[in-house]
Amino acid sequence: MLDWQGLVVQGLNGLASASSLFLVAAGLTVIFGVSRIVNFAHGSLYMLGAFLAWTLTAHGPFAELGGFLGFWGAILSAALIVAALGALVEMTVLRRLYHAPELFQLLATFALVLIVQDVALLLWGPDDKFGPRAPLLRGATVIFGARFPLYELFLIAVGPVVLGLLWLLLHRSRFGILLRAATHDREMVAALGVDQKLLFTGVFALGAGLAGLGGALQIPREAVTLHMDMAVIVEAFVVVVIGGLGSLGGAALAALIIGELHAFGILVFPRITLVLVFLVMAVVLVLRPQGLLGRGAETAPVAAPAPPLPGSLPPALRWAAIAAVAVLVAVAPFLGDYPLILLADFAVLVLFAASLHLIMGPGGMASFGHAAYFGAGAYAAALLFKHLAAPMEVGLIAAPFAAGLVGLLFGWFCVRLSGVYAAMLTLAFAQIAWSVSFQWVEVTGGDNGILGVWPSDWARGRLVFFYLSLALSAAGVVVLRRIIHAPFGLALRAQRDSPLRAEAIGLDGFFLRWIAFAVSAALAGLAGALFAYGKGSVFPSFLGIPRSVDGLLMVLLGGVQTLTGPIVGAIAYAGLQEQLARATDYWRLVLGLVILALVLFFPRGLAGAFARRAA
Amino acid sequence: MLAVDDLQAHYGRAHILHGVSLGVAAGEVACLLGRNGAGKSTTMKAIMRLLPPTGGSVRFEGQDLAGLAPHDVARLGLGYVPEERRIFPELTVAENLEVGRRPPRPGQAPWTAERLYALFPSLGAMKKRPGGRMSGGEQQMLAIARTLMGNPRLLLLDEPSEGLAPVVVDRLAEALLGLKSEGLAILLSEQNPGFAASIADHAWLLETGHIRHHGPMAAVMADAGLRARYLSV
Ligand SMILES: Nc1ncnc2c1ncn2[C@@H]1O[C@H](COP(=O)(O)OP(=O)(O)OP(=O)(O)O)[C@@H](O)[C@H]1O
Ligand SMILES: [Mg+2]
């Protein structure tokens, strides 16, 4: 146990990380307030700030200048360059998407994350970078008998100073007053003669600059890596959501809470540090959905309003689907192991995407954490195998039930919220599930996963396993189709399209969404179990954010309007990723550009584009 | 000064305006009269291009507004005061005015916060009050003042008297007469002509998206049959 001096130092550590977190979260929340865009690429801007600062302190005029001016010149220039990049992104990409459904804006910012990842890899290479120490702030001071780095003290001061400057900007400058007005009512601001384009470009530059500054300020204290973007964006989301989307004071308060939670959580609950933050976020969202200091947000529903589903598949499409499955079945015996493994994976992904579609399309909700249920199914199968030596047949039956139960539990909270908040809560729960799989080493094996989860003998051949995957995936899709067209599906869409009217005719929207959530989770769990048997192992990455993002991308690429969409999307996305990964080291860059092009030019998704072509 | 010709507007698939034509001359106060749901607010939104019209034309001082964004329309000199007032609730009175501020127009004395506080003394007494904590009447004054900060050449005023106490309505009428005497053109919308009678020169009677009648305000006031047909409930 620490003495009280130790506690003070730990508290100061918490303040220092709160300060850094605040810079990033402040930018994110200001951007959201005005543009209503949830900027997933915000972490990428932070990472760029760090890389640019590293470069500028090592090369060029500031490096030659050296010393105090050289260092701070480099840090501030890095922030300014990132601000300019933010403005550029707004002008070239996001500006075209303000009237697009919210999910497409997210998709575009996801694409930017992928692009920035590979651009950073191209420019700076894969190795971690270590920046210089800050001049004059190199040493440590003694606080209550404990040494404390000066630079950390400086960082503690940066947060409040930036908060103060932002407050002045927002309350004392015309630009700031317009920003606050636009946060409340964009249209009225335009009706008063204000060109919103300038405002939006300005707010992106401001937010990006803050993220860039946050990143640049890290170089004396930690290595600059290609993973900084994801690490920080998740934390920043947590802060912004806890504080209340769009609320600057809320971001400051939440940064403080999260910073200290990290610092003291390690002391008090060393076993569940990773869960702690997301638990807090989940509790806040459940008790106070708009966040601590958020206004009762009037965010639009996340999902695109979809036209009513056609009564049944156009005959041509139905025959094409049946023919495609028949061709696969007929051709499979002539394929080698590798194509068969790949095809089995595709079948799994199709089921995964189709299950997510039930929530996002007919359900009108968004899940940013669908991997939780995929992983729940996979772990259920693996744990049954490991502890009870259960065979594959048992695992495949148990997995959907296990995942469905998890879906019932998480869904009970998530389906009460709407829009961005619901999406964030699903993300929080998925992260909690991920943290459990990662930190509960005795049971889950932690990072090492569970190995040896192989299919039963009869299904061990690649060909038979592919047939099994195809059959189960097709069965799952057929079930989903039945559900969507059954009275339950109609009711689900009715509560999505006009909640009030649906309630008036006696539909229980909460119950409908909850059941849909659980069914979707169960089928995702089946996909997860299949995936586990196909790979022979499970790992925490099965429930990681990247897998949830994959699911989202597949559904959005295909289009949420019809069930065909996610199926086409899954095959297109997985196929593209596979081809690109084989063709180039920079597949993320290409994939990001492709997604960006699709969002900008085919806002109804691939299936939508085909349907329009056909019509 | 403002010439609306055969204006059509839709909300989604619902056809709301079926060829509205009307005009406002320089320095004139015109009144758009119609019952609940007649399309008065829709006409104003379509003129401002907040709801892009689906047909017809709007010309302001000879310029066709087709293809312009709402902020361009506002910059040309059309000032819009919405029915819901849409005050920025977290901004103070002074800040609300600042949002509306635009550069002066040649040949026109520019509005300043001080001049507006003189016109609406109650606002001057609460410069630092957040807009969300004002009475309906005060919000209406603020909404008008905020739009005037843009130095408009023509004011679109959507049902300014709605929900206001009679004393407040009188004070509002007085302020509007003051604006009229300074040469500001106004297009006003109202459900009942009582408030507009003392201010407006000309009336346009709207019913289910059609202009049914127009003429001098005094003539409309004198014709009880006309009012019974298109206005009273
Ligand atoms: N956002 C909207 N979406 C769909 N229909 C609308 C919308 N706003 C108005 N309408 C419909 O358009 C018609 C005209 O409405 P509008 O608001 O222009 O009437 P109004 O004359 O201003 O009425 P009021 O005196 O009540 O303000 C009404 O039938 C109304 O139901
Ligand atoms: Mg109206």
Side-chain angles (χ1 to χ4, degrees), chain A residues 29-30 33-34 95-96 98-99 101 166-203 244-250 290 293-298 300 304-308 497-498 501, chain B residues 12-13 41 44-52 68-103 105 111 128 130-132 139 142-153 155-156 158:
Chain A
T29 211
V30 171
V34 174
R95 178 172 295 178
R96 299 150 164 269
Y98 288 124
H99 298 293
L166 278 175
W167 191 91
L168 283 178
L169 177 76
L170 289 175
H171 289 84
R172 294 286 177 268
S173 74
R174 177 171 168 82
F175 175 68
I177 291 173
L178 293 180
L179 282 190
R180 281 162 58 221
T183 299
H184 190 81
D185 187 345
R186 268 153 46 171
E187 197 186 54
M188 192 62 226
V189 172
L192 290 168
V194 177
D195 186 352
Q196 298 188 66
K197 285 195 200 107
L198 294 178
L199 219 50
F200 284 12
T201 308
V203 80
L245 280 164
S247 160
L248 200 59
Q290 73 275 36
L293 300 186
R295 279 190 276 113
E298 65 290 2
D497 294 335
S498 44
R501 215 178 309 161
Chain B
R13 268 181 229 145
S41 301
M44 297 216 168
K45 284 182 198 158
I47 292 173
M48 284 308 288
R49 299 191 59 80
L50 290 168
L51 175 72
L68 296 189
H71 71 263
D72 293 322
V73 176
R75 287 176 182 192
L76 284 178
L78 272 164
Y80 171 58
V81 184
E83 186 174 1
E84 311 82 10
R85 286 137 206 186
R86 292 167 79 165
I87 295 300
F88 305 111
E90 274 154 39
L91 271 57
T92 63
V93 167
E95 288 172 335
N96 266 284
L97 292 181
E98 173 63 23
V99 176
R101 183 167 64 83
R102 305 290 320 160
R105 275 172 218 285
W111 284 102
K128 296 232 140 94
Q139 289 197 349
L142 178 56
I144 295 174
R146 182 180 65 179
T147 300
L148 287 174
M149 284 295 282
N151 302 307
R153 317 259 290 119
L155 200 57
L156 301 174
D158 198 356

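Just so it is clear: chains get the letters A, B, ... in the order the sequence lines come, proteins before strands, and each one is counted from 1.
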Q.
Can you confirm whether more than 12 heavy atoms, excluding those of A:Arg501, are under 6.0 Å from its CZ atom?
A.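 Counting other residues, nucleotides and ligands, CZ of A:Arg501 stays at 12 neighbours or fewer.
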Q | B:Arg105, CZ atom: more than 12 neighbouring heavy atoms under 6.0 Å | A |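 Enclosed: over 12 neighbouring heavy atoms sit under 6.0 Å from CZ of B:Arg105.
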Q.
Is B:Pro152 close to chain A through its backbone or its side chain, or both, or neither, when contacts mean heavy atoms under 4.5 Å?
A.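 Contact with chain A is absent: no heavy atom of B:Pro152 under 4.5 Å.
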(Q) Below 4.5 Å, heavy-atom pairs only: which of B:Arg102, B:Met48, B:Arg49 has the largest tally toward chain A? (A)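 Heavy-atom pair counts peak at B:Arg102.
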Q.
Could you work out, with side-chain contact (heavy atoms from CB on, under 4.5 Å) as the rule, every residue matching A:Ser173, not counting sequence neighbours?
A.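 A:Ser173: side-chain contact (heavy atoms from CB on, under 4.5 Å) contacts with A:Leu169, A:Phe175.
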Q. Just by distance, do the side chain of B:Arg86 and the backbone of A:Asp185 share a donor-acceptor pair under 3.5 Å?
A.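 No; zero donor-acceptor contacts below 3.5 Å.
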Q | B:Glu95 backbone acceptor or donor facing A:Arg180 side chain under 3.5 Å | A |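 A pair under 3.5 Å: no.
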Of all the heavy-atom pairs spanning [X] and [Y], show the shortest one and how long it is.
X: B:His71; Y: A:Val194; value: CB-O, 3.3 Å
X: A:Leu192; Y: B:Ala74; value: C-CB, 4.0 Å
X: A:Ala191; Y: B:Tyr80; value: CB-CD2, 4.1 Å

Q | Spacing of CD belonging to B:Glu98 relative to CG belonging to A:Leu178, to within rounding of 0.5 Å | A |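 Reported to 0.5 Å precision, the distance equals 7.0 Å.
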Q: Would you sort out whether A:Ile177 and B:Phe88 count as a side-chain contact (heavy atoms from CB on, under 4.5 Å), showing the intermediate values?
A: CA-CA 10 Å; A:Ile177 291 173; B:Phe88 305 111; over 6 Å; no
Q.
Is there a side-chain contact between B:Pro82 and A:Met188 in this structure, where contact means two heavy atoms from C-beta onward sitting under 4.5 Å apart?
A.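 Side-chain contact under 4.5 Å: yes.
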Q | pair B:Arg75-A:Asp195: side-chain heavy atoms closer than 4.5 Å | A |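 Touching, per the 4.5 Å side-chain cut-off.
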